[in-house]
Each structure stands twice: as C-alpha cells, then as structure tokens.
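Just the heavy atoms: all of them, side chains too, but no hydrogens, waters or symmetry mates, feed the values below. All chains are named by letter (A, B, ...) in the order of the sequence lines, taking the proteins before the strands, and each is independently numbered beginning at 1.
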2 protein chains.
Amino acid sequence: MTTDAFLADCRARLAFDLLSHTWNAVVLWALREGPRRPVALREQIGGISSKVLTETLRRLQYNGLVDRHEHPGAPPRVEYELTALGRTLLGPIDAVGAWAFTYGDKVMAAQEAADTEQPGAR
Amino acid sequence: MTTDAFLADCRARLAFDLLSHTWNAVVLWALREGPRRPVALREQIGGISSKVLTETLRRLQYNGLVDRHEHPGAPPRVEYELTALGRTLLGPIDAVGAWAFTYGDKVMAAQEAADTEQPGAR
DNA sequence: CGGAATCCGATGCGATACTG
DNA sequence: CAGTATCGCATCGGATTCCG
C-alpha cells in the first residue's frame, strides 16, 4: 500500500480518530483484564470525571469496541467489557505503550532541550 | 507491568498525547518515505490547512520527532524529515494502520448498526 | 512559498448539582 | 451507584489576510 493510499483510506482515518480521543485508548486498556464497573474504572484510571467516562464508554460502544451489561436491581450495577473487536485493538495500543516505555525518556529529553534553547517557546 | 502501572506511567500518557493530536500520526506517516516540503505534505495529506500543518510540524519538532531544514535563498525552500526517534514511532503507527485496514469495516458496520437501532443517537 | 497573525465557531473537558 | 444537565473555561481547527 502506498503512502497516499494509506492516507486516503477512510479506515485509517477512522483508527486515528479513535485514538485521537484522549480517553479512548486509556479506557480500552483499563478494560483489558476483564469487565469493570464504572466506579472501578474511575479509580483505576484516575483523573477522569463521571461525565467524561460515560461519554467515552458510549463512544466506544457506538464503535462496537465495548459491551454494556446492565444487571437489574437496586442499587444500579453496570459492567462494561471489551467486545471481540475491542480486544483486537489491544495489540496496536500495546505497541504504542511499548514504544512509550522505550522511547518516552528521549521525547522528554528533546522537550527539555527545546525548552533550554528557546525558554518559553513551545 | 500491571494495568495500573501502565496507566500511571507518564511516558504512556505522553505517547497517547502524541497520538491524540489529530494530525500528528498522519504527518509522521506522510514523512515515512523521506523529506518533504510543506506544500507537498499538504497535497499528500489533503484537508489540512497551512496553519494546522505548521503547528503540527512545530509540535513534532518540539518532541524531537522531525527535523526542519531551511535552504537559503528565494523563494523560500524548507524541508522536514523524520529524526531517528521519529522513525521508531512508525512501527506503532503502522500497527494501528494495519488494524484499521483489517478491522475498519467492522467498526463502520457497528456504527451503522447503532445508527439503525437508535436513529439520530450518537 | 513558508508561515505568522487574527478572528471565530465548534468542541472538549472539568466541576457541580441533581435524578432514579 | 450510574447517569444526566448545566455552566464555563480552554483549546482546536478552519478561513482569511498579510509579510519576507
């Protein structure tokens, strides 16, 4: 596949759009080990509000990456889990995470170097 | 590495932040085959404004992923190319792109199914 | 051509409060 | 507990214009 074809392919754009939403990949990753309730996800992830978590889960559900299971009764009890399709995305996400683990320090070093040359620039 | 450690690792957040900027991955990919001038990048990518392209390139430069080469003279002639660090990110990006190529249809099918059930919802 | 400056509408996310 | 409603701030991205 040529570069142009790759970029023109709406499926590629679609994948980048998926990952370009801040919390999508993080939430998918948090679900990697099994079903989770929203409250557990929020503890596990940290720094995500109830509203944004709900929005993110809805979006992932809309794209067929997670399933929502509602257990009847009070108090409400809901669980989310990855679909088969969602699990296939863990590989690419892991590739990104592994890259970050290996090269993250170099990126931060580059940022510091840029800041040193041009303090205040960015 | 546990899920929690992965999520807490600021390097992982850094990588997701890199990909969460809409055009970063696309521009990096467009540079995969060699140095490019801005005008060529815009033709190759399509749908990106001059301003946003410049911002994206600055951001990538700041993170040490691309180099900017200015050739003196008029008219202005500038080229951007991937750094060694930038090339290491092509692997993970390719993993995402390959996923999109394989599973993109299923995602779009899931979207259509969701739209059919709840027309207007999203 | 490269890119900086400006304006502007759309969207994102967070905080808070509230419902069932 | 799960989710929604509302508000406000910040940011993003597009269009346009102007400069070297």
Only distances under 3.5 Å count here; give the side-chain donor-acceptor pairs of residues 65-76 of chain B to other protein atoms, sequence neighbours excluded, each with its distance to 0.1 Å.
| from | atom 1 | to | atom 2 | distance (Å) |
| --- | --- | --- | --- | --- |
| B:R68 | NE | B:Y80 | OH | 3.2 |
| B:R68 | NH1 | B:E70 | OE1 | 3.0 |
| B:H69 | NE2 | B:E81 | OE2 | 2.9 |

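B:N24 contributes a side-chain N or O that, together with a main-chain N or O of B:L18, makes up a donor-acceptor pair within less than 3.5 Å. Of the possible polar contacts, none joining the A:T56 side chain to the A:W23 backbone as a donor-acceptor pair under 3.5 Å is found.
Using a 4.0 Å heavy-atom distance criterion, B:T54 is classed as a sugar-phosphate-only contact. Among the atoms of the strands shown, none is found under 4.0 Å from any heavy atom of A:R42.
The two residues B:R37 and B:V78 make their nearest non-hydrogen contact at CG-O, 3.3 Å. Residues B:L85 and B:N63 approach most closely at CD2-O, 4.0 Å, considering heavy atoms. The minimum heavy-atom distance linking B:A100 with A:A15 is given by the pair CB-CB, 3.4 Å.
By the 4.5 Å heavy-atom criterion applied to side chains, A:W99 and A:V107 are counted as neighbours. Taking the side chain as every heavy atom from C-beta outward, A:V52 and A:S49 approach each other to under 4.5 Å.
Rounded to whole angstrom, the span from the CZ atom of A:R77 across to the P atom of D:dA2 amounts to 9 Å. In this entry the distance linking CD of A:E79 with C1' of D:dG3 reads 17 Å, nearest Å. Rounded to whole angstrom, the span from the CG atom of A:L53 across to the P atom of D:dG3 amounts to 8 Å.
Comparing atom distances between the A:R37 side chain and each of D:dG13, D:dT4, D:dA2 picks out D:dA2 as nearest.
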Sugar-phosphate or base contact per nucleotide [nucleotides 14-20 of chain D; S, B, -; heavy atom under 4.0 Å]: BB----B
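For DNA chain C, the outermost nucleotides in 5' to 3' order that have an atom under 4.0 Å from a heavy atom of chain A are C:dG12 to C:dG20.
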